[in-house]
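Indexing begins at 1, ligand by ligand and atom by atom, following the structure's order.
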Amino acid sequence: MRILGIESSCDDCAAAIVRNGREVLSHAIHSQFHIHRPYGGVVPELASRDHLEKIIPVIEKAMQDARLDWKDLDGIAVTCGPGLIGSLLVGLSAAKAISFVLDIPLCGVNHLEGHLSAVFLEPPSPAFPFLGLIVSGGHTSLYRVQGFGDYTLLGQTRDDAAGEAFDKVAKLLGLGYPGGIAIDRLAAEGNPEAFRFPRAMSSKDTLDFSFSGLKTSVRYFLDQRGKAFAEEHMADVVASFQEAVVDSLLIKLSQAVGKTDIRRIVVCGGVASNSRLRASLKRISEEESLEVYFPSPALCTDNASMIAAVGHRYIQAGKTSPLTLNAQANLQL
Ligand code: KG4
Ligand code: ZN
């Protein structure tokens, strides 16, 4: 079964063809970084207008790269939420039109289920149950994953998402947008113990996260020490900030392992491509005999392969969506 996946929930316009839910035949992506960079964050109206221009060329590229004809498709999977409503509607409208014209099934996919499923596109696949941590620009949520489609929320951020903290701190430091990759690179040259930033919500009472205090503490630090000091110690500042984010995530993962007795962990979403997070979790997993899985970086950030993979499972099970399918900005998992 060949499924065309479409993802347009935020600032990436992506299409992919996945065979039998696992084999990525092609993936095309148009990134809008250059559009949002001057603003230091995603501007929703600019995002949806750009999706409108790029959605058809991106889908056509995915079809050409897979060397497929339209009649070779068996279904269309499309992100229907959560995300920016204007951006979602563009992907959804394109998906509906293709499904209607080709008379093949349509399947609305939850973006978060997509992130949690990206890990199944590459061997080895984790067994169930596992702890699934989604860390992205819009979400920081920890789930107990019992099986496909069977998720229990254990904790989530009470304010900013981890990726949002990366982007906001990068903006404060003038490192540009998107901030995560810039901080990751620069931090490799710095000392993560040079400065101490807070690890919020470290008590065992909750598996929730919080990152807005960390961002504020970086701002106070910069105000107190001054611009010249920050510029001179930039690598140490970002390495210390990044260490606080990584520690905060690791503290909650370790508490979740203790509470659930599940020793298998999947980390996904854009921030899961952070090199320090990957290295630290790998070290801890060896010390504490945990099984840890990360999708490769291109499958951590937003992509359409993960949406096609989820759509495949639902379409195969006969769970399709009507052509009246709507977008939901706050769709829950
Ligand atoms: O999953 P994603 O592509 O989009 C959302 O669903 O939000 O995640 C994007 C987020 C951005 O905040 C970006 O700064 C962050 O992931 N990110 C990173 C890295 N690469 C992307 N954060 C830290 N380190 C990275 N290497
Ligand atoms: Zn995402």
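- In T301, the parts holding a heavy atom less than 4.0 Å from any atom of ligand 1 are both the side chain and the backbone.
- Among I17, L102, I307, the single residue meeting the side-chain contact (heavy atoms from CB on, under 4.5 Å) criterion with L4 is I17.
- With hydrogens left out, the protein atom closest to atom 18 (C) of ligand 1 is G180 CA, 3.5 Å, a heavy atom.
- Summarising the geometry of S9 relative to E7, their closest heavy-atom pair is OG-OE2, 2.6 Å, with the distance given to 0.1 Å.
- Atom numbering of ligand 1 starts at 1 in the shown order; those under 4.0 Å from a heavy atom of G163 are 12 (O).
- With a 4.0 Å heavy-atom cut-off, ligand 1 is reached by the side chain of H111 but not by its N, CA, C or O.
- For ligand 1, none of its N or O atoms has an N or O atom of P178 under 3.5 Å away.
- A donor-acceptor contact under 3.5 angstrom links the side chains of S117 and R313, judged on distance only.
- For residues 144-157, every residue pair satisfying the side-chain hydrogen bond (donor to acceptor under 3.5 Å, both in side chains) rule, not counting sequence neighbours, is listed here: E113-Y151, R144-Q146, Q146-D150, Q146-T152.
- Screening F166, F197, F211, F221 for a ring-ring contact (aromatic ring centres under 6.0 Å, His included) with F241, the sole residue that qualifies is F166.
- Between H233 and F195, the ring-plane angle classifies as perpendicular under the 30° and 60° cut-offs.
- S202 pairs by the side-chain contact (heavy atoms from CB on, under 4.5 Å) definition with I251, not counting sequence neighbours.
- Between D167 and ligand 1, an N or O atom pair is found at a separation short of 3.5 Å.
- A cation-pi arrangement, defined by a distance under 6.0 Å to the six-membered ring centre and an angle within 45 degrees of its axis, is absent between R37 and F33.
- A donor and an acceptor atom, one from each side chain of H312 and D74, are nowhere located under 3.5 Å apart.
- Under 3.5 Å, the side chains of N274 and Q242 contain a donor-acceptor pair of N or O atoms.
- Remark: distances from the non-hydrogen atoms of H115 to ligand 1 include one below 4.0 Å.
- Checked by atom type, the side-chain pair E291/Y293 shows a donor-acceptor distance below 3.5 Å.
- Of all protein heavy atoms, the one closest to atom 1 (O) of ligand 1 is G270 N, 3.0 Å.
- Residues F130 and L116 share a closest heavy-atom pair of CZ-O, 4.4 Å.
- Under 4.0 angstrom from ligand 1, the non-hydrogen atoms of D184 all belong to its side chain.
- Within ligand 1, counting atoms from 1 as listed, the ones closer than 4.0 Å to a heavy atom of G138 are 7 (O).
- Annotation: protein N, O or S atoms under 2.8 Å of the Zn ion (ligand 2) (waters excluded) comprise H111 NE2, H115 NE2, D302 OD1.
- Of the protein's non-hydrogen atoms, D302 OD1, 3.4 Å is the one closest to atom 2 (P) of ligand 1.
- Residue G137 has at least one nitrogen or oxygen atom sitting less than 3.5 Å from a nitrogen or oxygen atom of ligand 1, judged on distance alone.
- Here side-chain hydrogen bond (donor to acceptor under 3.5 Å, both in side chains) pairs that include residues 213-222, with residues two or more places apart or in two chains, are D160-K215.
- Using a 4.0 Å cut-off to heavy atoms of S136, the atoms of ligand 1 that qualify are 1 (O), 5 (C), 6 (O), 7 (O), 8 (O).
- Put simply, no part of C10 is less than 4.0 Å from ligand 1, judged by heavy atoms.
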